[in-house]
Number of protein chains: 2
Amino acid sequence: MTFSRRPDLSKTSSKASSRTVSRVRPPREALPPRPSEGISIAGVAEQAGVSVATVSRVLNGHENVRPATRAKVLAAVDASGYRVNELARNLRTAESRLLLTMVPDVGNPFYAEIVRGIDSVARQHGYFMLLCDTGADPGRERSYFDLLRRRRADGAICLDPATIQQALGEASGALPWVACCEFDPAVGVPYVGIDNYRAAGDAVRHLLARGHRRIGLINSDVGYLYARQRQQGYLDALREAGITPNENWRMNLNSLDYEAGASAAAVLAQQAQAPSAIFAVSDTLAIGVIHGLRSVGKRVPDDIAVVGFDDISLAAQVDPPLTTVAQPMRELGETAARLLLQRLANPLANVPGVLLPHRLVIRGST
Amino acid sequence: MTFSRRPDLSKTSSKASSRTVSRVRPPREALPPRPSEGISIAGVAEQAGVSVATVSRVLNGHENVRPATRAKVLAAVDASGYRVNELARNLRTAESRLLLTMVPDVGNPFYAEIVRGIDSVARQHGYFMLLCDTGADPGRERSYFDLLRRRRADGAICLDPATIQQALGEASGALPWVACCEFDPAVGVPYVGIDNYRAAGDAVRHLLARGHRRIGLINSDVGYLYARQRQQGYLDALREAGITPNENWRMNLNSLDYEAGASAAAVLAQQAQAPSAIFAVSDTLAIGVIHGLRSVGKRVPDDIAVVGFDDISLAAQVDPPLTTVAQPMRELGETAARLLLQRLANPLANVPGVLLPHRLVIRGST
DNA sequence: GTGAAAGCGCTAACAC
DNA sequence: GTGTTAGCGCTTTCAC
């Protein structure tokens with residue numbers, strides 16, 4: 001196999017098994033003497049007066065079982081309240097039927113709809129989706145990919161830029177995962193997302209059309225590809241309009257929280273020569289921006305116009321309603337899930353990268 | 001065992017295996033010929049020149065292994081890139097080390113912080129948390145509890161009122177789960193939450209102290225205990241102040257979405273005799289209410305004051321900032337996780353119900 | 001159409 | 001300290 005040559009960091013950790021989760025199991029506190037609760041397939045077989053093989057066939061919907069036999073088995077199943085032990089089944093079939101979805105922050109509403117899209121497709125195909133909040137913590141990110149290596153999940157969909165960057169660096173290319181929203185086309189990992197460059201350009205061109213020439217950018221960390229792409233879209237759109245971008249109107253944040261947007265906006269607006277419009281690369285940021293502007297006495301859009309990105313459901317509810325670049329969130333999730341399923345079904349086929357269309361939604365904030 | 005006597009509904013479903021997920025496995029589409037990829041513990045043992053038992057001991061951090069031997073094993077592990085197959089381990093130990101968390105809607109920010117609390121405690125104890133969005137869909141709710149019955153998870157924390165109601169009805173009392181936020185003290189399921197009756201009373205008393213006497217209530221479905229408790233708190237607080245509650249100022253919604261709050265508020269505000277204050281039982285609703293009021297030309301708080309419930313991070317960001325009843329979200333999650341872990345460690349001990357303190361946060365909306 | 005038996009990869013007695 | 005071995009509960013040849 002082609003997994004990482006350097007399975008984990010435990011060698012370098014001093015304390016015995018404090019951080020070595022990926023190789024040495026954490027000591028379990030007083031293992032309960034779990035009585036082998038529940039009936040097994042053998043019990044059902046006995047009750048039904050057939051062999052375990054027959055029970056298994058019925059359970060798995062095989063055709064070659066006489067109806068009368070099938071009925072006997074089903075009756076025994078109902079009578080005993082038997083539930084298949086999937087741990088055993090999965091060991092035997094070497095699949096867990098679990099899909100991981102890694103997001104940097106479940107609290108960011110942008111991810112909720114994407115997650116729903118993934119979940120619905122997964123469910124349709126007999127998989128459960130396991131949602132993981134990486135919290136942008138490298139340790140957690142790593143541990144989730146380890147879930148894959150240790151066969152607790154069959155595949156993963158990653159929405160966390162930080163995780164993706166890291167994952168691309170390591171030899172995780174052989175792992176069954178796909179990237180969603182954040183990705184690098186140059187690497188061989190299947191992905192789905194939007195054209196961030198064009199989308200950002202569209203936002204800026206909208207502002208230009210409204211007569212703005214002093215346009216600020218509140219971006220996230222340019223370590224992320226989407227941040228670089230949106231920034232480039234912003235810069236190029238300005239230059240195409242004959243405007244030289246002003247460095248003082250550009251900020252890079254390491255958070256997408258409302259608060260981060262609010263304080264950044266306050267800084268931007270209180271400069272001597274303040275921008276007349278602000279493009280924030282996320283709706284959460286933009287909503288914070290509106291709040292921040294108001295807190296320093298600026299009116300939106302009269303004093304300063306604001307454009308966001310994502311079109312979360314909240315965007316239409318704030319005051320003023322937010323102009324924003326809509327991403328097809330549900331479709332992004334659905335597509336990501338389908339790509340992953342495709343890759344799982346055929347590990348060799350090279351799954352394509354997919355770009356979905358975005359849309360500018362004009363509301364009251366511009 | 002004492003699971004449900006009526007394991008599932010498959011008997012009553014007409015189509016062969018369409019809805020019989022809980023007993024008959026969905027047909028898998030073209031099972032990939034998974035080559036037994038990866039090295040097993042036997043391979044490591046061979047490479048290290050020891051027995052599988054020794055490898056297992058090293059992997060599980062047992063003490064009785066000579067340092068030299070341990071080093072040999074660790075070297076073989078690193079060289080081979082071996083990862084333990086948890087499917088096998090879990091089958092053997094009869095535990096999955098997975099905890100389920102069921103929420104009705106991952107998009108509702110109220111749950112995000114609770115989920116983080118759960119996750120952090122779970123993680124500290126060597127468990128992974130699996131987040132499930134029930135979407136208030138009975139089929140999905142049921143399928144998640146089935147995950148427990150089928151041993152794919154060791155325990156569950158349920159935040160979905162609808163699921164809890166249903167779960168209490170069925171004979172799922174023997175399953176290892178706890179209720180969080182929504183619960184019924186009368187039933188024997190461990191729970192953690194707040195005193196909804198007092199909290200709602202506090203909100204209303206705050207409005208009364210501000211001089212309001214026409215106070216409306218935007219509630220969710222009274223099928224939920226928390227909704228009934230908050231309603232009762234609202235009613236009693238009014239009566240204690242000598243006010244006869246006006247039925248026209250009370251609405252019950254079957255959604256907590258922003259939109260639902262917005263349209264309800266519009267209805268309430270446009271009555272002949274409109275309330276001068278509105279208490280909404282969730283911040284998402286309250287934020288929608290503010291938007292809805294504005295859309296019909298009402299100013300907050302000048303024309304109508306608004307109080308929410310939960311204190312999600314967004315509450316401080318909207319305009320005007322929302323007065324609300326803060327729930328200790330992180331602690332709710334942490335406590336729920338601890339209760340579950342406790343129950344898992346000792347299935348017989350009767351785990352208590354826990355009530356955590358709430359707090360009224362006064363901001364600009366009142 | 002049904003049963004017997006092998007074995008998935010691991011842990012934990014039990015020997016030595 | 002270390003090795004041998006018996007399962008955990010299931011699916012799946014291979015016989016019959």
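Convention: sequence-line order gives letters A, B, ...; per-chain numbering from 1.
- Using cut-offs of 30° and 60° on the angle between ring planes, the pair B/Tyr144 and A/Phe128 is tilted.
- Note: CG (A/Asn85) to C1' (D/dC8) measures 8 Å, nearest angstrom.
- If you check D/dC10, C/dT11, C/dG1 against the side chain of A/Tyr82, the one that comes closest is D/dC10.
- Residue contacts shown for B/Asn64 include a base, since a base heavy atom lies under 4.0 Å away.
- With distances taken from any side-chain atom of B/Ala53 to the nucleotides C/dC10, D/dG1, D/dT4, the minimum falls on D/dT4.
- At a cut-off of 3.5 angstrom, counting only N and O atoms as typed in the model, there is a donor on one side and an acceptor on the other between the side-chain of A/Arg57 and the base of C/dG3.
- Phosphate contact (OP1/OP2 of D/dC8, side-chain N/O of A/Ser40, threshold under 4.0 Å): absent.
- Regarding B/Asn90, its CG atom lies at a distance of 12 Å from the P atom of C/dA12, rounded to whole Å.
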Practice problem: Please test B/Met102 against B/Trp177 for side chain to side chain contact (heavy atoms under 4.5 Å, CB included), starting from the C-alpha separation and ending with a verdict. | Solution: CA-CA 11 Å; B/Met102 295 182 267; B/Trp177 68 283; 5.8 Å; no
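- For C/dG9, the OP1/OP2 oxygens have no side-chain nitrogen or oxygen of B/Arg89 closer than 4.0 Å.
- In this structure, A/Leu59 atom CG and D/dT12 atom P are separated by 12 Å, rounded to whole Å.
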Practice problem: Under the side chain to side chain contact (heavy atoms under 4.5 Å, CB included) rule, what do B/Tyr82 and B/Ile41 come out as? Steps first, then yes or no, please. | Solution: CA-CA 8 Å; B/Tyr82 166 78; B/Ile41 199 172; 4.0 Å; yes
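- Using a distance-only test at 3.5 Å, with no hydrogens or angles considered, no donor-acceptor pair links the side chain of B/Arg83 to the main chain of B/Gly38.
- Between A/Ala88 and B/Pro67, the one whose closest nucleotide on DNA chain D sits nearer the 5' end is B/Pro67.
- Protein atom CG of B/Leu91 is 14 Å distant from nucleotide atom C1' of C/dA12, rounded to whole Å.
- For the pair B/Asn60 CG and C/dC10 P, the computed distance is 11 Å after rounding to whole Å.
- Base contact: A/Ser56 has a heavy atom under 4.0 Å from a base atom.
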Exercise. For B/Leu130 and B/Leu99, run side chain to side chain contact (heavy atoms under 4.5 Å, CB included): C-alpha distance rounded to whole Å, both residues' side-chain angles, the deciding distance at 0.1 Å, then the answer.
Key: CA-CA 6 Å; B/Leu130 195 162; B/Leu99 260 31; over 6 Å; no
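- When the C1' atom of C/dT11 is taken as reference, atom NE2 of B/His62 falls 8 Å away, rounded to whole Å.
- Mapping B/Gly49 and A/Arg92 onto DNA chain D via the closest heavy atom, the residue that lands nearer the 5' end is B/Gly49.
- Taking side-chain N and O atoms only, B/Ser51 has no distance below 4.0 Å to OP1 or OP2 of D/dT2.
- Put simply, CZ on B/Arg150 is 19 Å from C1' on D/dC8, counting in whole angstrom units.
- When the P atom of D/dT11 is taken as reference, atom CG of B/Leu87 falls 13 Å away, rounded to whole Å.
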